[in-house]
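Keep in mind that the numbers below use all heavy atoms, side chains included, and drop hydrogens, waters and symmetry copies. Order of listing sets the numbers, starting from 1, for every ligand and every atom in it.
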Amino acid sequence: MGIVLFFFFLFPPLCAAQNCPISFCGNRSIPVRFPFSLQGNQLENCGYPGFELGCNSQGTTVLNLPYSGEFLVRNINYFTQEINLYDPGKCLPKRLLSFNLSGSPFSASYYQNYTFLSCPTQAVISRFSTIGCLSNSTNSVLATSSMNLVKSMPPSCHIIVTLPVPVSFWFAYNEEFSTALDQDIQLTWYTPDCGGCEAIGGVCGFKNNSNQAIGCFFNRSSGRSSSNIGYQVFRIGCLTFAILGASFAVGMIVIASSARRSHRLGAHSTQGNSNLSTVAERSTTIAVGMDDSTIESYQKVVLGESQGLPGPNGSTCSICLSEYQSKETLRCIPKCQHCFHAGCIDEWLRRNSTCPLCRNSPSPALVSLHIV
Ligand SMILES: *[C@@H]1O[C@H](CO)[C@@H](O)[C@H](O)[C@H]1NC(C)=O
Ligand SMILES: *[C@@H]1O[C@H](CO)[C@@H](O)[C@H](O)[C@H]1NC(C)=O
Ligand SMILES: *[C@@H]1O[C@H](CO)[C@@H](O)[C@H](O)[C@H]1NC(C)=O
Ligand SMILES: *[C@@H]1O[C@H](CO)[C@@H](O)[C@H](O)[C@H]1NC(C)=O
Ligand SMILES: *[C@@H]1O[C@H](CO)[C@@H](O)[C@H](O)[C@H]1NC(C)=O
Ligand SMILES: *[C@@H]1O[C@H](CO)[C@@H](O)[C@H](O)[C@H]1NC(C)=O
């Protein structure tokens, strides 16, 4: 354990952003960093507009949606760009009745139309799941996505409303009254797009205080611009450490969890521990990649002075978010023809078997899976 903590004290600070330190609310359960920022706790320009979080008096992280009010944050996945929310009043269905994401950068992963019904309690068969927090002794409230089920209900029931509800999964055939509405709301965001940067161990941030262009940073105090050579070298070193760190952490977690660590760590170690779980989470999401020979078989392109890129490609690499320069080597994914810096895409493909842009698998038959 000592070695792990040493490792984490040594390396993350080396690669972490200095200008915008990670912040936490009292419970320290959710690391808050770009594109999120903690109001009143972080410096200006540490977060993207609309991504401000707060802390409530219980030390829990809070997101305020302009038209839907306050939700508590269960967790944030910076890599998949998802945030899970729950209701402080413990009655999510009630919040869903007036849920509106206007004015926020978030959107639901999926929507499904749900019909809310109000029935006299004695008319409701006991096997139906009712929404407890909206029901009382005389009236029961139920919700379903099935119109057939709605039509089969006795006439003493009336429809309160039918509306699209944000869901994490879309149930095509659901002939039940739902209990799923009690679960967290999962929202996602598309801008700023930092998933590729996160995947190669970087942290996104603003490139420039005066506009909203974002870059991928490994040490923000040295790397304001990603085009100088020193920074590139530093970056490679940083990346190597990050990968070593991640594999090391996973190894140690496996050992640690099999050893059933039962004693609590002290205050200092708690921080190491939370770093550790962040890295572990990241590396478990991205642990399945391709082998080097498959990656090497994909076409490489060296950029000429004014040569356009092949296929449907812009002028920036969507993994490291920096612009292509002449003489740089790119690698393109067969099938979708999306190209990236060879260094970036190689790193990505070692840990993911899909294109970072379109998420299609280049050639499923050729993919050989291995766990990092
Ligand atoms: C980032 O790099 C600069 C200059 O290279 C260095 O002075 C600074 O200590 C580094 N930051 C961290 C957190 O290592
Ligand atoms: C945060 O800590 C407070 C006590 O300090 C506790 O009551 C609360 O349940 C905790 N919240 C979470 C989400 O762990
Ligand atoms: C959400 O709120 C905005 C602003 O009040 C309004 O224009 C919009 O129609 C609402 N959307 C829904 C689905 O109610
Ligand atoms: C929900 O219902 C509305 C209006 O009936 C319809 O336009 C919309 O396509 C439906 N959405 C889904 C996801 O089924
Ligand atoms: C139960 O709820 C309904 C509507 O939600 C309300 O009209 C009724 O007065 C309530 N009954 C009791 C006993 O609270
Ligand atoms: C920041 O962006 C502005 C315009 O958006 C530009 O004029 C300025 O030179 C940039 N500064 C740096 C340090 O890149």
Exercise for the section: Determine whether the aromatic ring centres of Tyr298 and Phe340 lie less than 6.0 Å apart. Expected result: no
Exercise for the section: Please check if the distance between the ring centroids of Trp189 and Phe51 is under 6.0 Å. Expected result: yes
Practice task
State the atoms of ligand 5, each with its element, that fall below the 4.0 Å cut-off from a heavy-atom position in Asn136.
Solution key: 1 (C), 2 (O), 3 (C), 8 (C), 10 (C), 11 (N), 12 (C), 14 (O)
Handout entry: Atom indices of ligand 4, in the order listed, that fall short of 4.0 Å to a heavy atom of Asn113
Key = 1 (C), 2 (O), 3 (C), 8 (C), 10 (C), 11 (N), 12 (C), 14 (O)
Practice task
Number the atoms of ligand 4 from 1 as they appear, then name those within less than 4.0 Å of a heavy atom of Tyr111, with their elements.
Solution key: 13 (C)
Among protein heavy atoms, which sits nearest to [atom], and what does the distance come to when rounded to 0.1 Å?
| atom | result |
| --- | --- |
| atom 14 (O) of ligand 3 | Asn100 ND2, 3.5 Å |
| atom 13 (C) of ligand 5 | Ser137 OG, 4.0 Å |
| atom 5 (O) of ligand 3 | Tyr67 CE2, 3.3 Å |
| atom 4 (C) of ligand 5 | Asn139 ND2, 4.2 Å |

Exercise for the section: Find out if a path of hydrophobic residues (ILVMFWY) with successive side-chain heavy-atom gaps under 4.5 Å connects Tyr67 to Phe106. Expected result: no
Exercise for the section: Answer yes if a protein heavy atom lies under 4.0 Å from atom 2 (O) of ligand 5, otherwise answer no. Expected result: yes
Problem - Heavy-atom protein contact below 4.0 Å for atom 7 (O) of ligand 5 - result: no
Fill in the blank from the handout: Paired with Tyr48, the ring-ring contact (aromatic ring centres under 6.0 Å, His included) test is passed by just one of Phe36, Tyr190, Phe206, namely Phe206
Practice task
Report the residues that fulfil disulfide (SG to SG under 2.5 Å) with Cys119, sequence neighbours left out, ordered by chain and then residue number.
Solution key: Cys157
Practice task
Determine yes or no for a side-chain-to-main-chain donor-acceptor pair under 3.5 angstrom, with Gln183 supplying the side chain and Leu181 the backbone.
Solution key: no
Problem - Electrostatic pair Glu296-Arg331, nearest N-O below 4.0 angstrom - result: yes
